[in-house]
Amino acid sequence: MADNKIKAVILAAGKGTRMKSSKPKVLQDIFSKTLLERVIDSVLKVKNLEEIFIIVGYKADEVTKYIKDKYKNISCPITGVLQEPQLGTGDAVFKAYDYLKGFKGSVIVMCGDTPLLTSKTLSGFIENHERSISDISVLSAIIKPPGSYGRIIKNKSGSINKIVEAKDADKQEKLINEVNTGVYCLNWQQISPVFFDLTTNNEQGEYYLTDIVEWGVKKKLKVNTHILEDADEAFGINSRADLAKATYILNQRKLQQLMSDGVTIISPENTSISPETQIGADSIVYPGCYIDGINTIGKNCILGPNLHIEGNVTVQDNVKLIQSKISDVTIGKNSSVGPFSHLRGGVEVTNDVRIGNFVEVKKSLINENTNVAHLSYIGDSELGKNVNIGAGTITANYNPLTKQKNKTILEDDVKIGSNSVLVAPVRVSSKANVAAGSVITKNVPESALAIARGRQSILEDWVTKKKN
Ligand code: UD1
Ligand code: CA
């Protein structure tokens, strides 16, 4: 059984009415990654997975397009299967029936709205299913109070008899704390006939997938439950409050992991870090950091206080990022950014660079030992090594007539005086200087000084004469 083939069915046809959103529920985000993406990514790590079917219904086109765009470069095929109308979870899985005809292996079924389930848990669950040679395995969890989850009904010897939905449960059944997480592993050859026997004979008038358990027990098949170690993983999202709680849980998981890996987090209650962010040991995260998206941050870095990282940020060791907003950036070692800097849109900062107070940098390369320390805008530019940018320097990169962005190139050892405007396209060659307050519209040759401002004149005794 060790090399049993696996296919997955993810249920994602529901609207998610309680979200009060124009978006389908499974496309809501937690740390800039949709619920559906979190579920798919976790399944994709399962060994021997051959194919994924996603049951779509509400805004099916939008969900299908999303999956196609997001997963166009992976080898595992992902197929959207339409369920219209939505007649319940049993009907949803039945929609994949034709696609699974003749499949000899295990089908794992899960919901698109349970984003906290880890691939480790899923793999353990499947292993257990295979080792015990089960026909139906149900992933259950102990949840107090058990709320609206389906209740696991067991007999005296402890084996499962059936699942009863909260709405259908009697008083005794309602008290049961072992509940259905909505994740199943099915021996498809044995189980697939069940879909012709399901009825809508229940409180909600739906085809319940949960009814496969009672069917299997009656047919004397091997039906097992596997209890989740960490019940949080079963958490299903139905409302905005649930979304906040799931974000909280993921954040706590991340902060715990970082701290045990040697990162100091001064105030965990005032720090948010996405699961997709890595931070090296001996880095210190000060309060007020919101770190979203996919990022890799080195060792010995100082982050915050107050830092917004929006994703796609790679930072080497010994870097300071203080009171700033950063996305799509790579930063070399020993550099510092902030306070109050904004780096975005493809910025490459190399080693030993200083970007300081109220500086915005967009789509630019900044080489070693260069300083942009105060009140500047650097856009579509290339700055060489050992360049010094005086306070208030602006690269005028945008031509409103042609609507084009133009490049500013400052070669090695260039010094730009304060309050200068570099009107792009323009190049200042190596070692050249630009005098403070200049508006530079023409290229500056190597080692030259460019001055482009009105000469200062002195009117002697002007004030006294005016008064008289
Ligand atoms: C379901 C289970 C319940 C379990 C809970 C775990 C049933 C009958 N009940 O209840 O035992 O404790 O999940 O979270 O299965 N969906 C479709 N098509 C449909 C109906 C639903 O694709 O026709 C999808 C939804 O989009 C959702 C998932 O199936 O992703 C679960 O549906 P939902 O209505 O949330 O079921 P629960 O009431 O939570
Ligand atoms: Ca649900």
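Counting convention: from 1, in listed order, for ligands and their atoms alike. As a basis for the values below, the full set of heavy atoms in this structure was taken, side chains included, without hydrogen atoms, waters or symmetry mates.
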Novice: Run the contact test for Gly57 against ligand 1 with a 4.0 Å cut-off on heavy atoms, strictly below, and give the result.
Specialist: no
Novice: Could you check whether the rings of Phe94 and Phe195 sit parallel, tilted or perpendicular, using 30° and 60° as the cut-offs?
Specialist: parallel
Novice: Nearest heavy atom to atom 28 (C) of ligand 1 wins, so pick from Gly90, Ala166, Cys111.
Specialist: Cys111
Novice: Is the shortest N/O to N/O distance between Gly150 and ligand 1 below 3.5 Å?
Specialist: yes
Novice: Check the angle between the aromatic planes of Tyr290 and His308 and answer parallel, tilted or perpendicular using the 30° and 60° thresholds.
Specialist: perpendicular
Novice: Taking the minimum heavy-atom distance to atom 17 (C) of ligand 1, which of Lys95, Met110, Gln83, Lys167 ranks first?
Specialist: Gln83
Novice: Please determine if Asn180 has a nitrogen or oxygen closer than 3.5 Å to a nitrogen or oxygen of ligand 1.
Specialist: yes
Novice: Any idea which atoms of ligand 1 are less than 4.0 Å away from a heavy-atom of Gly112?
Specialist: 30 (O)
Novice: Which one holds for Ala12 and ligand 1: side chain close, backbone close, both close, or neither close, with close meaning a heavy atom under 4.0 Å?
Specialist: backbone
Novice: Does an N or O from Thr89, backbone or side chain, lie closer than 3.5 Å to an N or O of ligand 1?
Specialist: yes
Novice: Tell me whether Asp317 is salt-bridged to Lys299, with the criterion being a basic N under 4.0 Å from an acidic carboxylate O.
Specialist: no
Novice: Quick check on contacts: which atoms of ligand 1 are under 4.0 angstrom from a heavy atom of Ala92?
Specialist: 17 (C), 18 (N), 22 (O)
Novice: Closer than 4.0 Å to some heavy atom of Leu87 - which atoms of ligand 1 meet that?
Specialist: 23 (O)
Novice: Would you check whether Thr210 reaches within less than 4.0 Å of ligand 1, judged by its heavy atoms?
Specialist: yes
Novice: May I ask you to decide whether Lys33 forms a salt bridge with Asp41, counting only side-chain N to carboxylate O separations under 4.0 Å?
Specialist: yes
Novice: With atoms numbered from 1 as shown, which atoms in ligand 1 lie under 4.0 angstrom from a non-hydrogen atom of Thr181?
Specialist: 6 (C), 14 (O)
Novice: So does Glu127 pair up with Lys47, basic N to acidic O under 4.0 Å?
Specialist: no
Novice: State if Gly236 counts as touching ligand 1 under the rule of any non-hydrogen atom under 4.0 Å.
Specialist: no
Novice: Do you know which of Thr225, Leu186, Asn224 makes side-chain contact (heavy atoms from CB on, under 4.5 Å) with Ile136?
Specialist: Leu186
Novice: Please determine whether a side-chain nitrogen of the Lys or Arg among Glu51 and Lys7 lies less than 4.0 Å from a carboxylate oxygen of the Asp or Glu.
Specialist: yes
Novice: Take a 6.0 Å sphere around NZ of Lys59 and say whether it holds more than 12 heavy atoms from other residues, nucleotides or ligands.
Specialist: yes
Novice: Does ligand 1 come near enough to Ala13 that some N or O of the ligand is less than 3.5 Å from an N or O of the residue?
Specialist: yes
Novice: Just to be sure I'm reading this right: ignoring hydrogens, which of Leu11, Ile212, Asp211 gets closest to atom 29 (O) of ligand 1? Compare them by their nearest heavy atoms.
Specialist: Leu11
Novice: Between Glu276 and Arg38 (salt bridge meaning N to carboxylate O under 4.0 Å), is one present in this structure?
Specialist: yes
Novice: Side chain, backbone, both or neither: which applies to Glu206 and ligand 1 if a contact is any heavy-atom pair less than 4.0 Å apart?
Specialist: neither
Novice: Below the 3.5 angstrom mark, is there an N/O of Tyr208, backbone or side chain, next to an N/O of ligand 1?
Specialist: no
Novice: Any salt bridge linking Asp380 with Lys362? Criterion: basic side-chain nitrogen under 4.0 Å from a carboxylate oxygen.
Specialist: yes
Novice: Measure Val26 to ligand 1 on non-hydrogen atoms and call it side chain, backbone, both or neither using the 4.0 Å cut-off.
Specialist: neither
Novice: At under 4.0 Å between heavy atoms, is it the side chain or the backbone of Val179 that contacts ligand 1, or both, or neither?
Specialist: neither
Novice: Do Tyr286 and Ile322 have side-chain heavy atoms sitting under 4.5 Å apart?
Specialist: no
Novice: With only distance considered, is Gly88 within less than 3.5 Å of ligand 1 through an N or O on each side?
Specialist: yes
Novice: Heavy-atom distance under 4.5 Å between the side chains of Asn180 and Thr210, does that happen here?
Specialist: yes
